Participant: 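There's a structure below that I have some questions on.
Just so we're clear, the structure is a prediction, and the values are computed from it rather than from any experiment. Only heavy atoms go into these numbers, but all of them, side chains included; no hydrogens, no water, no symmetry mates.
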Amino acid sequence: MLTSSIIFRPIADFKKANQPQGFQNIFFKGNKALLSQTSHVDTVQFSGSSKTPEQKLQAYATNLLNKINQGQPLRPGQKLSLTADSRYLPLVYKMVETAYRDFQSGWVSVDLKEPEFEALKREKDITDVTESKQILEKTLASEGAASIDLGIAEGDLPEHYKQAGLVKSDAAKMIQSIDPVDIPQDVQELLTIDPKEMFEERIKGFRTGGEQGVVIKTPRELKPVALKLAKAAAEDYGVNKISLSIGEPAEYDLETALYQYGSDEALDYVPEEVLHKNMQGLIDNQAFRIILYDHSRPQPNNIDTQKVARRMRKQREVLQQYDLFNNCPYIMFYRPTLDSAKEAGYPDGIAGLREAAKDAKLFNHEGDFAEHATNLERIRDQLTDYVQQGYTVVRYVTNDPNLGRGHEKTTDLRVTLTPESRYVAGGYTTQGGQTVYPNATTLEAFSVPDARKTEGFFTSSKPVTINGKTIQNPYFRFENGEIVETSARENGDVLIDWIQEGTRPRRLSGEIAMVSAVPEGLSNRSFNNGMLDENSGPHAELGGTHFHKLCLDPDLASETLTDLGVVVASPDSPPSTDIVVGDARYTTITMEKPGDPEHPIVIAENNAWKI
């Protein structure tokens with residue numbers, strides 16, 4: 001199948017070849033349209049200064065796509081492969097948006113190059129953890145995709161901004177809009193993560209000398225933090241396979257363009273072979289996955305949440321076949337950004353970021369993690385001992401003055417564990433024998449319930465994000481284990497639709513967690529992030545459990561699990577979600593023997609462990 005591409009080569013390459021300066025023409029060779037930095041698609045002309053920089057960029061993006069197929073436009077349904085220096089992100093976003101909206105592209109693949117990371121890879125001879133990018137390029141080529149490589153964004157006025165009609169000040173604003181933060185040195189130091197803590201304390205038995213790959217995912221604002229970790233991994237631990245994945249600012253979120261303008265064909269397109277190779281490559285390299293996160297970003301209000309759910313289901317059909325949890329250790333590590341700090345109620349600007357960065361170190365137990373993990377493991381063992389003594393009913397009672405009316409309880413929930421349940425806290429051990437502590441902020445000890453026996457109700461003090469929408473203060477009431485009533489202060493309709501999905505258990509059937517001794521900065525804020533907010537209080541998981549082999553005998557037969565009332569997540573189950581039960585500051589957690597509520601053991605009360 002014919003494939004078209006436009007390649008923008010670095011200016012230096014053409015100077016060496018004595019190419020004439022100035023944009024002159026498009027020339028074709030074989031099946032590829034080669035557009036050099038000394039040729040031009042069509043000069044974008046504007047009279048006076050009536051066009052804004054954004055309009056000029058839009059016109060240039062449209063012009064490029066109109067010439068992609070040997071001078072002809074991108075065809076409806078045709079896929080597009082786009083490679084670019086990340087400093088071209090504003091242009092890339094316009095091209096992706098335009099490809100979906102105006103050309104009905106069948107799917108757009110984007111590979112943004114980070115100049116600092118590319119330099120590190122060359123210096124340290126680093127390769128990607130998997131070959132998925134190369135495989136995707138070949139796959140798209142075989143499917144007749146058009147491709148554009150915008151090349152390197154050099155100088156104060158990178159070439160494509162210049163050809164779009166921008167001046168230096170316009171280009172500077174475009175580039176600054178990608179990452180507008182100028183972080184003072186003291187705040188940078190607060191945000192920096194100690195490599196020893198990451199590679200020696202949060203994971204036990206990390207394989208040095210190139211035996212294990214590292215994948216780092218990060219918001220763009222935290223890229224300097226990620227680059228320091230990548231450099232330390234290479235220099236101090238001999239890692240030679242490192243991949244870096246950047247999450248973009250909301251205004252340049254490329255998936256938003258897909259959900260807003262993508263056709264059904266584009267939404268359903270999943271390059272299965274690429275995903276298979278990527279997953280297997282991660283497992284083969286036992287990749288240590290480091291996820292730096294700030295907060296969840298809800299989808300804009302004009303995004304159809306059903307489209308989001310639809311695409312997630314298509315991807316799960318492939319991803320569910322691989323057990324990354326037990327093969328590829330991972331850690332979720334909180335670091336704030338300006339936006340996430342502001343959203344959580346910190347002061348605006350650098351002052352708020354500084355305060356949030358200090359809190360992050362406290363939330364992550366940096367500097368005293370070993371002591372913290374030891375205490376959690378002590379609590380875990382005590383709770384498991386109580387279960388073995390027959391205290392299998394866990395009761396949560398909350399009188400939250402922020403949610404209730406007077407002395408009315410906002411939570412009174414009884415969850416029954418199985419007689420075989422045991423508690424888990426801190427870390428877990430992978431099949432490769434590495435112990436990893438996946439949640440850097442962990443304060444929980446959790447187990448799995450008998451999903452048939454949940455009774456009562458609870459109101460969450462924290463929001464939860466479902467299908468890209470933020471649900472404020474969800475409420476649930478249970479009878480005989482089933483949800484019989486639910487509501488929320490905001491986006492309750494999304495919550496109801498989510499619960500009513502045909503494949504979702506309408507039970508509290510995932511993990512059930514105890515949390516206490518929550519730092520004040522974590523308990524009295526909403527971070528709009530599941531990993532942080534779930535550790536601000538006790539929480540429960542709606543959806544089948546993935547932890548039955550941790551919280552129960554891993555050799556139990558499926559029939560035995562069913563008899564125990566354990567709902568195991570099936571490969572095609574939709575994602576489960578953790579929801580905070582009450583508020584740790586106002587919650588009493590007890591354990592009772594079935595039928596004997598008069599003689600409970602108090603486990604935690606008013607944000608303090610009692611055992």
Side-chain angles (χ1 to χ4, degrees), residues 259 295-310 312 340 343-345 396-406 408-415 451 454-479 481-513 515 522-544 573-587:
Y259 293 130
H295 63 170
S296 301
R297 291 174 175 81
Q299 295 289 345
N301 289 328
N302 58 346
I303 295 296
D304 183 351
T305 58
Q306 294 304 313
K307 288 185 176 182
V308 180
R310 170 180 176 170
M312 289 176 66
S340 70
E343 185 173 324
Y396 302 84
V397 177
T398 308
N399 181 13
D400 188 341
N402 300 309
L403 296 176
R405 296 181 298 274
E408 182 178 342
K409 289 181 288 190
T410 54
T411 292
D412 192 349
L413 184 72
R414 278 185 167 91
V415 180
T454 305
E455 298 286 345
F457 60 90
F458 75 89
T459 308
S460 180
S461 61
K462 297 299 174 71
V464 61
T465 300
I466 294 174
N467 289 342
K469 297 295 183 182
T470 299
I471 315 299
Q472 294 289 349
N473 302 125
Y475 164 86
F476 302 88
R477 185 165 65 86
F478 296 82
E479 290 181 3
E482 292 239 353
I483 297 172
V484 295
E485 183 183 359
T486 187
S487 62
R489 288 192 175 182
E490 185 178 320
N491 285 324
D493 55 337
V494 176
L495 176 64
I496 292 170
D497 290 344
W498 179 76
I499 290 173
Q500 291 179 339
E501 285 184 16
T503 56
R504 183 178 304 286
R506 295 179 60 175
R507 300 177 182 272
L508 196 163
S509 49
E511 69 173 83
I512 181 72
V515 174
L522 184 55
S523 63
N524 63 5
R525 300 180 188 276
S526 292
F527 288 85
N528 194 32
N529 184 282
M531 297 301 292
L532 275 177
D533 286 334
E534 75 169 30
N535 278 289
S536 69
H539 53 272
E541 185 179 27
L542 295 176
S573 295
S576 55
T577 297
D578 288 336
I579 301 177
V580 172
V581 176
D583 186 318
R585 295 171 294 176
Y586 313 110
T587 298

Participant: What are the two closest non-hydrogen atoms of Y396 and A513, and how far apart are they?
Facilitator: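 Taking every non-hydrogen atom into account, OH-O, 3.3 Å.
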Participant: Suppose we call two aromatic rings close when their centres sit under 6.0 Å apart. Are F458 and F476 close by that rule?
Facilitator: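 Ring-ring flag for F458/F476: true, centres closer than 6.0 Å.
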Participant: Kindly determine whether H539 and E511 satisfy side-chain contact (heavy atoms from CB on, under 4.5 Å), including the steps that lead there.
Facilitator: CA-CA 8 Å; H539 53 272; E511 69 173 83; 3.2 Å; yes
Participant: If you compare all heavy atoms of N399 against all heavy atoms of P401, which two are closest, and at what distance to 0.1 Å?
Facilitator: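 Looking at all heavy atoms of both residues, the shortest contact is O-CD, 3.3 Å.
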Participant: Please examine the side chains of S340 and F527, heavy atoms only from C-beta on, and report whether any two atoms are closer than 4.5 Å.
Facilitator: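 Answer no - side chains too far apart.
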Participant: Is there a side-chain contact (heavy atoms from CB on, under 4.5 Å) between R585 and N524? Walk through the geometry before answering.
Facilitator: CA-CA 9 Å; R585 295 171 294 176; N524 63 5; 3.4 Å; yes
Participant: Please walk me through it: do L413 and F457 pass side-chain contact (heavy atoms from CB on, under 4.5 Å)?
Facilitator: CA-CA 5 Å; L413 184 72; F457 60 90; over 6 Å; no
Participant: With rounding to the nearest 0.5 angstrom, report the OG1 to CH2 distance, T486 to W498.
Facilitator: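 Rounded to the nearest 0.5 Å, the OG1-CH2 separation comes out at 9.0 Å.
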Participant: Are any of the side-chain heavy atoms of L542 and I579 separated by less than 4.5 Å?
Facilitator: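 Of all side-chain heavy-atom pairs linking I579 with L542, at least one is under 4.5 Å.
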Participant: Any heavy-atom pair between the side chains of E485 and Y475 that's under 4.5 Å?
Facilitator: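 A side-chain contact exists here, since the closest heavy-atom pair is under 4.5 Å.
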Participant: Which residues pass the side-chain hydrogen bond (donor to acceptor under 3.5 Å, both in side chains) test with E455, not counting sequence neighbours?
Facilitator: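 Residues passing side-chain hydrogen bond (donor to acceptor under 3.5 Å, both in side chains) with E455: none at all.
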Participant: Any side-chain donor-acceptor pair under 3.5 Å between T587 and T398?
Facilitator: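 There is such a pair between these side chains.
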Participant: Pick one: which of T410, T459, N473, T411 meets side-chain contact (heavy atoms from CB on, under 4.5 Å) with D400?
Facilitator: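 Of the listed options, the one satisfying the test is T410.
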Participant: Do you know the tightest heavy-atom contact between G582 and S461?
Facilitator: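 Taking G582 first and S461 second, the nearest heavy atoms are O-OG, 2.8 Å.
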Participant: Is there a donor-acceptor pair closer than 3.5 Å between any side-chain N or O of T454 and the backbone N or O of V415?
Facilitator: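 No, the answer is negative, given that no donor and acceptor are paired below the 3.5 Å cut-off.
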Participant: Might you point out which heavy atoms bring R525 and D533 nearest each other, and give the distance in Å?
Facilitator: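 Reported closest heavy-atom pair: O-OD1, 4.1 Å.
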Participant: What heavy-atom pair brings S487 and L495 nearest, and what distance separates the two atoms?
Facilitator: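 Result for this residue pair: O-CD2, 3.6 Å.
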Participant: Side-chain contact, heavy-atom cut-off 4.5 Å: I499 with R506?
Facilitator: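 Yes. Closest side-chain heavy atoms under 4.5 Å.
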Participant: In Å and rounded to the nearest 0.5 Å, what is the CD to OG1 distance from E534 to T577?
Facilitator: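 E534 CD to T577 OG1: 10.5 Å, rounded to 0.5 Å.
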Participant: Considering the options V515, L522, D583, which one meets the side-chain contact (heavy atoms from CB on, under 4.5 Å) requirement together with S536?
Facilitator: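 Among V515, L522, D583, the one meeting side-chain contact (heavy atoms from CB on, under 4.5 Å) with S536 is L522.
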Participant: Side-chain contact test, heavy atoms from C-beta onward, threshold under 4.5 Å: evaluate it for I471 versus P463 and give yes or no.
Facilitator: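 Counting from C-beta outward, I471 and P463 never come under 4.5 Å.
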Participant: As a quick check of understanding, evaluate side-chain contact (heavy atoms from CB on, under 4.5 Å) for R507 and I483, giving each step before the final call.
Facilitator: CA-CA 6 Å; R507 300 177 182 272; I483 297 172; over 6 Å; no
